[in-house]
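Both backbone and side-chain heavy atoms feed into the values below; hydrogens, waters and symmetry mates do not.
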Amino acid sequence: MYTMDGSPYAPIADYALIGDCHGAALIRRDGSIDWACLKRFDAGSFFGRMLDAEHGGSFGFNVPGARSIERRYLPDTNVLETTFVTKGGTARLYDCFTMRVGGRQKPHRQLLRIVEGVSGEVDFEVRIDPRFDYGSLHPWLHHHQEEGVYTAVGGDDAVVISTDCPLVLDHDRARLSATFRVKANQRVRFSLTACPPHQMVLRHLPSRILDARLASTIRWWENWVEGGTFGGPYREQVVRSALVLKLLTCAPTGAIIAAPTTSLPESIGGARNWDYRFSWVRDSTLTLAALLTVGRGDVAHGFKLFIERATAGRVDELQIMYGCYGERRLPELELSHLSGYRDSRPVRVGNSAATQTQLDVYGELLDAAHLWSRAGNPVNAEGWRFLHALVEKAAVRWREPDQGLWESRGAPQHFVYSKAMCWLAIERGLQTAEEYGFVADRDRWRKERDEIRASIEEHGVDPKRGCFVQAYGSKEMDASLLRLPLIGFVEP
């Protein structure tokens with residue numbers, strides 16, 4: 001498929017997200033899965049066409065003669081519905097990662113695609129091109145004696161495909177394909193289950209099981225929404241936003257990832273292409289603020305536990321970001337075999353920003369604790385020890401330069417946002433100490449807080465334009481400073 005401008009790449013805005021709070025996939029408007037990490041968010045991709053249209057691999061459908069393609073999420077769920085209308089009929093495609101209802105059981109790690117006839121007859125062409133390890137490995141394909149069971153295996157990756165549609169194997173191109181027709185009320189199902197090669201379960205999943213998993217997944221997401229407090233005139237938009245944020249949480253650990261993708265460019269053809277499949281303290285606290293607003297404090301509790309484990313409770317060893325399972329080392333590599341989205345090189349995995357100094361992290365964590373407390377979760381003595389240490393660090397380190405919110409890879413600067421967040425760390429520390437009667441050197445903290453404000457007002461403001469600037473000595477504007485009224489540093 002090619003876009004109107006002749007490019008084999010669809011606009012990034014054309015993609016919809018599905019996932020199971022372990023892994024994720026992006027689906028193009030025409031139903032093609034162009035990105036999928038089935039095992040975990042930061043694992044090698046199974047489909048990576050977004051980053052290389054020729055070599056990345058995809059799982060797509062073609063509907064000859066399609067007059068229109070429309071899609072939506074089923075209400076209050078992360079189940080995607082794509083509707084194809086042709087001269088001969090109408091059919092729907094349901095896409096989801098299947099969810100387990102109740103308990104902390106292991107995930108299915110199952111990508112489920114169900115084509116359903118609505119009226120008349122609709123012809124489909126399906127093509128599955130799995131490419132493991134970011135498109136570097138063409139897997140070995142096999143059709144097993146068990147009817148409707150196929151496998152793709154390579155390295156430490158494997159996918160078991162169960163379908164009621166007979167597939168043709170092209171070993172040279174590592175491709176599975178088929179054509180089929182659906183009539184009204186008829187379904188054709190495709191299940192992809194990720195697993196280690198030595199743990200493959202080679203059995204055909206009956207249609208009743210796959211249909212039941214779709215139904216239970218719909219119910220799982222509906223129940224999650226019902227557990228929140230959604231209302232007001234923009235309920236639909238708020239629910240949709242919350243569902244996206246929930247998709248970015250890592251269920252086993254409580255981490256919240258910044259994005260499910262890597263190397264989508266800041267500007268087409270540019271080199272600012274970073275891997276965001278990790279948990280930034282800053283991004284996570286902003287997410288927590290949003291989810292606490294709609295009554296999902298469980299996510300906040302999960303992230304609190306994640307940070308406690310990842311930092312081992314030691315402020316001196318606090319990082320700005322972690323892997324989604326708490327990893328501290330996130331080495332950055334360039335994948336030269338991939339051309340990148342619309343030839344935006346390099347493609348990167350890992351992120352060396354994990355080693356940067358970004359002083360706003362102290363304020364982010366103190367603000368998260370403040371929100372958590374306001375949501376009805378008192379700060380205990382153990383929690384105060386950690387928060388007290390954060391305030392002490394902010395009170396000392398605010399004078400230092402850092403890489404700032406935008407993770408500048410040049411020389412450290414005195415970024416205004418970083419200073420302001422250190423101010424917030426001390427402000428929140430004072431509020432917490434006063435509210436709970438905790439011991440703290442409040443006079444010294446107030447002195448440092450006031451010195452930060454004086455420093456920002458002297459060095460972080462352009463007197464001619466009457467505005468804050470990005471860094472001391474700079475004339476640059478900075479969108480991050482729009483947060484200053486939100487944290488109470490200035491009046492709106």
Nearest non-hydrogen partners of [X] and [Y], listed with the distance:
{"X": "Cys324", "Y": "Thr253", "value": "O-OG1, 2.7 Å"}
{"X": "Asn273", "Y": "Pro346", "value": "ND2-O, 3.1 Å"}
{"X": "Thr229", "Y": "Gly295", "value": "OG1-N, 3.4 Å"}

Do [X] and [Y] have side-chain heavy atoms sitting under 4.5 Å apart?
{"X": "Val299", "Y": "Phe303", "answer": "no"}
{"X": "Phe180", "Y": "Gln186", "answer": "no"}
{"X": "Lys304", "Y": "Leu288", "answer": "no"}
{"X": "Ile320", "Y": "Val281", "answer": "no"}
{"X": "Arg296", "Y": "Trp224", "answer": "yes"}
{"X": "Phe84", "Y": "Val115", "answer": "no"}
{"X": "Leu333", "Y": "Tyr134", "answer": "no"}
{"X": "Val182", "Y": "Phe124", "answer": "yes"}

With a 4.0 Å cut-off on N to O distance, would you call [X] and [Y] a salt bridge?
{"X": "Asp14", "Y": "Arg28", "result": "no"}
{"X": "Arg40", "Y": "Glu327", "result": "yes"}
{"X": "Asp164", "Y": "Arg187", "result": "no"}

In chain order, what residues pass the side-chain contact (heavy atoms from CB on, under 4.5 Å) check against [X], with sequence neighbours excluded?
{"X": "Cys195", "result": "Ala158, Val160, Met200"}
{"X": "Ala259", "result": "Thr261, Tyr276"}
{"X": "Glu332", "result": "Trp274, Arg348, Asn351, Ser352, Arg409"}
{"X": "Asp275", "result": "Thr262, Arg277, Phe278, Val349"}

Please confirm whether the backbone N or O of [Y] pairs with a side-chain atom of [X], one donor and one acceptor, at under 3.5 Å?
{"X": "Asp283", "Y": "Leu286", "answer": "no"}
{"X": "Thr82", "Y": "Arg71", "answer": "no"}
{"X": "Gln319", "Y": "Met321", "answer": "yes"}
{"X": "Arg127", "Y": "Asn62", "answer": "no"}
{"X": "Asp95", "Y": "Leu80", "answer": "no"}
{"X": "Thr77", "Y": "Tyr73", "answer": "no"}
{"X": "Ser191", "Y": "Leu112", "answer": "no"}
{"X": "Trp220", "Y": "Arg100", "answer": "yes"}
{"X": "Ser344", "Y": "Ile268", "answer": "no"}
{"X": "Thr285", "Y": "Ala368", "answer": "no"}

With sequence neighbours excluded, what pairs up with [X] under the ring-ring contact (aromatic ring centres under 6.0 Å, His included) test?
{"X": "Tyr341", "value": "Tyr9"}
{"X": "Phe132", "value": "Phe46"}
{"X": "Tyr436", "value": "Phe438"}

Inset, instruction - Keeping to residues at least two apart or across chains, list the salt bridge (Lys or Arg N to Asp or Glu O under 4.0 Å) pairs with something in residues 131-140. - result: none

Legend entry - Sequence neighbours excluded - salt bridge (Lys or Arg N to Asp or Glu O under 4.0 Å) pairs with any residue from residues 82-93: Glu81-Arg92

Legend entry - CA sep, side-chain torsions, deciding dist, call: Thr311, Tyr322, side chain to side chain contact (heavy atoms under 4.5 Å, CB included): CA-CA 9 Å; Thr311 63; Tyr322 298 90; 3.3 Å; yes

Roughly how far, to the nearest 0.5 Å, is [atom2] of [Y] from [atom1] of [X]?
{"X": "Asp20", "Y": "Phe41", "atom1": "CG", "atom2": "CZ", "value": "7.0 Å"}
{"X": "Glu407", "Y": "Arg282", "atom1": "CD", "atom2": "CZ", "value": "6.0 Å"}
{"X": "Thr151", "Y": "Leu141", "atom1": "OG1", "atom2": "CG", "value": "7.5 Å"}
{"X": "Ile487", "Y": "Glu364", "atom1": "CD1", "atom2": "CD", "value": "8.5 Å"}
{"X": "Glu54", "Y": "Arg49", "atom1": "CD", "atom2": "CZ", "value": "10.5 Å"}
{"X": "Leu51", "Y": "Ser45", "atom1": "CG", "atom2": "OG", "value": "7.0 Å"}

Legend entry - Donor-acceptor pair between Ser32 and Asp30 side chains, under 3.5 angstrom: no

Inset, instruction - Give every residue pair that meets the ring-ring contact (aromatic ring centres under 6.0 Å, His included) criterion with at least one member in residues 140-164, sequence neighbours excluded. - result: Trp140-His142, His142-His144, His143-Tyr150

Inset, instruction - List the steps, then state whether side chain to side chain contact (heavy atoms under 4.5 Å, CB included) holds for Arg189 with Asp211. - result: CA-CA 9 Å; Arg189 305 158 185 86; Asp211 291 346; 2.8 Å; yes

For the [atom1] atom on [X], are there more than 12 heavy atoms of other groups (residues, nucleotides or ligands in this structure) within a distance under 6.0 Å?
{"X": "Glu147", "atom1": "CD", "answer": "no"}
{"X": "Glu308", "atom1": "CD", "answer": "yes"}
{"X": "Asn380", "atom1": "CG", "answer": "yes"}
{"X": "Glu382", "atom1": "CD", "answer": "no"}

Inset, instruction - For Phe190 and Leu111, run side chain to side chain contact (heavy atoms under 4.5 Å, CB included): C-alpha distance rounded to whole Å, both residues' side-chain angles, the deciding distance at 0.1 Å, then the answer. - result: CA-CA 8 Å; Phe190 299 86; Leu111 174 61; over 6 Å; no

Inset, instruction - Report the residue from Leu371, Leu366, Leu365 that forms a side chain to side chain contact (heavy atoms under 4.5 Å, CB included) with Arg428. - result: Leu366

Legend entry - Residue pairs, two or more places apart or on separate chains, that pass side-chain hydrogen bond (donor to acceptor under 3.5 Å, both in side chains) and touch residues 194-206: Ser162-His204

Inset, instruction - Show your working on side chain to side chain contact (heavy atoms under 4.5 Å, CB included) between Lys246 and Cys21 and close with a plain yes or no. - result: CA-CA 7 Å; Lys246 175 60 178 174; Cys21 302; 3.9 Å; yes

Legend entry - Pairing residues for Arg235 by the side chain to side chain donor-acceptor pair (under 3.5 Å) criterion, not counting sequence neighbours: Asp76

